[in-house]
2 protein chains.
Amino acid sequence: MDAQLKILDIHEVPLVCRGCDARHNGVCSTLTPHQLTELNKHSQRKAVEAGTELIGQGQQVHSYSNILKGVVKLSKIMADGRQQIVGLQFAPDFMGRPFHGESLMAAEAATDTELCVLPRKILERMISESSELGSRLHNQALTELDEARDWMLTLGRKSAREKVASLLVLVAAHADPDRLGDCAFELPLSRADIADFLGLTIETVSRQMTKLRKDGLIHIENNRQVYVPDLDKLAVTAGGD
Amino acid sequence: MDAQLKILDIHEVPLVCRGCDARHNGVCSTLTPHQLTELNKHSQRKAVEAGTELIGQGQQVHSYSNILKGVVKLSKIMADGRQQIVGLQFAPDFMGRPFHGESLMAAEAATDTELCVLPRKILERMISESSELGSRLHNQALTELDEARDWMLTLGRKSAREKVASLLVLVAAHADPDRLGDCAFELPLSRADIADFLGLTIETVSRQMTKLRKDGLIHIENNRQVYVPDLDKLAVTAGGD
DNA sequence: TAGCGACTTTGACTTGAATCAAGCATGAGA
DNA sequence: TCTCATGCTTGATTCAAGTCAAAGTCGCTA
């Protein structure tokens, strides 16, 4: 938790990106200069290392964040300890939910992560002032809903092999959105995290990774570095579509 | 598809309920009289029987609907026919999604259903005029996101017995939200639908229902009529919490 | 009221993923 | 350089859920 704090120029970061249709070059905000000044005054840059808990399940949420760098995992935990990762937030996503004060899940940094923390009250006032900002957040919520439902199909109906392939395709898409054909990236998740995301055990994940490797669909180095020679082929073994 | 159409008084129906905090007595709308008149002129009442397809996967969506009566299932289908139900909409839910034109899943009436169909363009104009309406829809999206993520935990980490119990608890909650202790309701889903919602096969669903019955947790009549003597006990076997 | 069809249950068997249990790397610290 | 911890892989075995097959139930229509 060695948080290094400093005032951030809000111009440098996108505010709500996942829900926007267009690609942005690091700027997504449509705030007024006055609003920007205010956010600059009150928002804080925060760097945390992998494994840091950002929000505990059932905890009250007093702030929203832009993820500047890294990957955050959202997970639900049952009373007996069983865990399911229910979403991944990649930079430059916005994290948090207006109107919903209490968190129904935990948020934890999957990798070393940098955040821009925005105070809840100020942001909510800006939402009520700007319908553009509100509709962007609405849009992001709908996008996340689509993604959650896609993942429900993966969890409910796919085999272990298809699940692992689906995860690799998902990460590849975020690492290099426009890349066709081959693609290389670093896995932001441990085997244990992958298992919790796919509803599998560590052992099964490991076995399926090995099989995909032996089938020539992926190459792995140092457990985390993945190279996919043919992304289409991998997508097909992920269940097509 | 024997749709019977007639002009509906929009005052009679709630517009967006799931996302609202308060309970409403059948009226949820905050539209102006002028907006109500316009909706009255353009919205249509539609009655369909169980099994009717409302929106096909990949189809363009030109209207939104309020569900007046019945249950609608939302599902994703893979190329090889595997299916996953990714959400249930109970009356008086609003169905549809602003800004997202194309449907990424199919919607089908699970029971005999009555809808109030609102033209897309008119509703979207009203959303842009009324921030209250927009924020209610935003709220509903967030609620659905929470529900989808809860279900991801069910799909990924629960046993067949827990899954079936979870479904029964879910339906019970919608049938009779305030009921404590015991509770009776009619299942809006066939065994096949339940299997598709839980990521199981029909046979497994049937076996688990039988076990729950033999364990005294539920009573079943005519396959669809369910009586739960102790809802808390059922919730515990659904995985607690 | 017999017969058909759709839906559900039940049984026997198979299988994919979980569990249990060693081993293998890699990196940090002594 | 050795040890220890952590994370990953691999193998043997078990078990929960899937598959295949048959029979039961109900409502509908002729």
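Naming convention: chains lettered A, B, ... in sequence-line order (proteins, then strands); numbering from 1 in each chain.
- In terms of the salt bridge (Lys or Arg N to Asp or Glu O under 4.0 Å) criterion, residue partners of B:K73 (sequence neighbours excluded) are, by chain and number, B:E108, B:D193.
- For the segment residues 160-168 of chain A, residues with any heavy atom less than 4.0 angstrom from an atom of DNA chain C are, sorted by number, A:A160.
- If B:S159 and A:A192 are placed on DNA chain D by their nearest nucleotide, the residue sitting closer to the 5' end is A:A192.
- Applying the salt bridge (charged side-chain N to carboxylate O under 4.0 Å, His left out) definition to pairs two or more places apart or across chains, those involving residues 205-224 of chain B are B:R161-B:D215.
- Under the side chain to side chain contact (heavy atoms under 4.5 Å, CB included) criterion, B:T154 pairs with B:W151, B:K158, B:K163, B:S166, sequence neighbours left out.
- Where DNA chain C meets chain A (any atom under 4.0 Å from a heavy atom), the bounding nucleotides read 5' to 3' are C:dA17 to C:dC20.
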Under 3.5 Å, N/O pairs linking protein and nucleotides 23-29 of chain D:
none

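- Rounding to the nearest 0.5 angstrom, the gap separating the CG atom in B:L168 from the CG atom in B:L234 is 5.5 Å.
- In this structure, A:L118 and A:S43 approach most closely via the heavy-atom pair CD2-CB, 3.5 Å.
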I'd like a table of donor-acceptor pairs (distance under 3.5 Å, sequence neighbours excluded) in which one partner is a side-chain atom from residues 195-202 of chain A, with atom names and distances.
| from | atom 1 | to | atom 2 | distance (Å) |
| --- | --- | --- | --- | --- |
| A:D196 | OD1 | B:R157 | NH2 | 3.0 |
| A:T201 | OG1 | A:T204 | N | 3.4 |
| A:T201 | OG1 | A:T204 | OG1 | 3.1 |

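- Remark: B:E203, B:S206, B:R207, B:T210 in residues 193-212 of chain B come within less than 4.0 Å of DNA chain C through at least one heavy atom.
- Comment: B:R45 engages B:E114 in a salt bridge, judged by a side-chain N to carboxylate O separation of less than 4.0 angstrom.
- Take B:D232 and apply the side chain to side chain donor-acceptor pair (under 3.5 Å) test, not counting sequence neighbours, and it matches no residue.
- Judged as a side chain to side chain donor-acceptor pair (under 3.5 Å), and not counting sequence neighbours, A:N223 has no contacts.
- One distance of note links CD1 of B:I77 with CD of B:Q84; it measures 11.0 Å at 0.5 Å rounding.
- Checked against side chain to side chain contact (heavy atoms under 4.5 Å, CB included), A:A91 has the following partners two or more places apart in sequence or in another chain: A:I67.
- In terms of the side chain to side chain donor-acceptor pair (under 3.5 Å) criterion, B:T210 has no residue partners (sequence neighbours excluded).
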